[in-house]
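One-based numbering, in listed order, for ligands and for the atoms of each. Quick caveat, the model's predicted, so the values are computed rather than measured.
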Amino acid sequence: MSSQDIPEENLPAEQGAPHGAVRVADEKNPFADPGLPPHEHRIQDIDERAAKRSERAVALLFTVSMLATIGFIASYVTIPNDKSIYVFPIGHVSAMNFALGLTLGVALFCIGAGAVHWARTLMSDAEIADERHPIEASPEVRTKVHADFKQGAKESAIGRRPLIRNTMLGALTLVPLSGLFLLRDLGTLPGTSLRHTMWAKGKRLVNMNTNQPLRPEDVAVGSLTFAKPDGLEETNEDFQTEIAKAALMIVRLQPDNIKDKRELEWSHQGIVAYSKICTHVGCPISLYEQQTHHVLCPCHQSTFDLSDGARVIFGPAGHALPQLRIGVDSEGYLQALGDFEEPVGPAFWERG
Ligand code: FES
């Protein structure tokens, strides 16, 4: 079959179709639009027998859909409501529900499949380039706008009245400052309060769930324990503020698995204590993977390696989780040996 036999809407642009345009890449201008790639004819475009086969396939799918719909109606009318059948691997199901689902599914699938096959094989597949209009204004329009602007400036006398011009510029410069002052309404500035937590030398670590001071033997290998400073109770007026800074994660690692030397020195028998507050934007970390010693922040998936100084191994967090140096007091309870040495929470502190 020659190209004269192909319907015009199936012809590519370079063969005379009224829409679309195929252009050759401009070697002098590498940014020029190279246009559409050469059009490839489908077998149905050049072989009428193939087109007929596709037509019959589409018609067959639509016919099967009709039969399935008739089957759906027949199932609804004829199958008793209480009859059940065995369907592998589901087991016993209502015969009517099974027939209704099956026939409706086939009917809808065949309509979809017929439409897709029709579109892919028989409908026109000519590519069309939709040219954009130039965005910049024409030289005439630009000249007119320029002239209008000059005319406006002249009529406003801004050039001849510097007092007005200067005071207007001053007013326009100062007025945004009022918005800056309104920012103070968002709350008091944090000052240095975020640099300090309730942890201090001798403060016991208390289990957040049981409210009991923790001993080393309470922390099992592979478990994740959350702790707070002794004396911080929910009834305290500033409980929310303080717990948001002081919440701890406690994990027991095999000392041999601890890669970071400082981490090992700051731990007790492999028990390490880290801030629970993510260094990205401050979500509480709650997921611990025992085999890898990774903890995961659920907010944006920052992942920290607790066996390597809680450094960031994935995600947007900017720095490692701060570690709390811990030991044991004379009665055998876990205690802090000072406050965190780095600010807890979001890493914007690093900018200073
Ligand atoms: S707050 Fe933890 S990853 Fe964003």
Inter-residue atom distance [X].[atom1] - [Y].[atom2], 0.5 Å rounding:
| X | Y | atom1 | atom2 | result |
| --- | --- | --- | --- | --- |
| Ile164 | Ile158 | CD1 | CD1 | 8.5 Å |
| Leu253 | Ile258 | CG | CD1 | 5.0 Å |
| Arg49 | Ile43 | CZ | CD1 | 9.0 Å |

Self-check item: Salt bridge present between Lys203 and Glu242 (N-O < 4.0 angstrom)
Solution: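 Not counted as a salt bridge, because no side-chain N and carboxylate O are separated by less than 4.0 Å.
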Quiz item: Which residues satisfy the disulfide (SG to SG under 2.5 Å) test with Cys283, sequence neighbours excluded?
Solution: Cys299
Practice problem: Have a look around atom 4 (Fe) of ligand 1 and list protein N/O/S atoms under 2.8 Å, or say none. | Solution: His280 ND1, His300 ND1
Exercise. Would you tell me whether Ser138 and Glu140 have side-chain atoms, one donor and one acceptor, within less than 3.5 Å of each other?
Key: yes
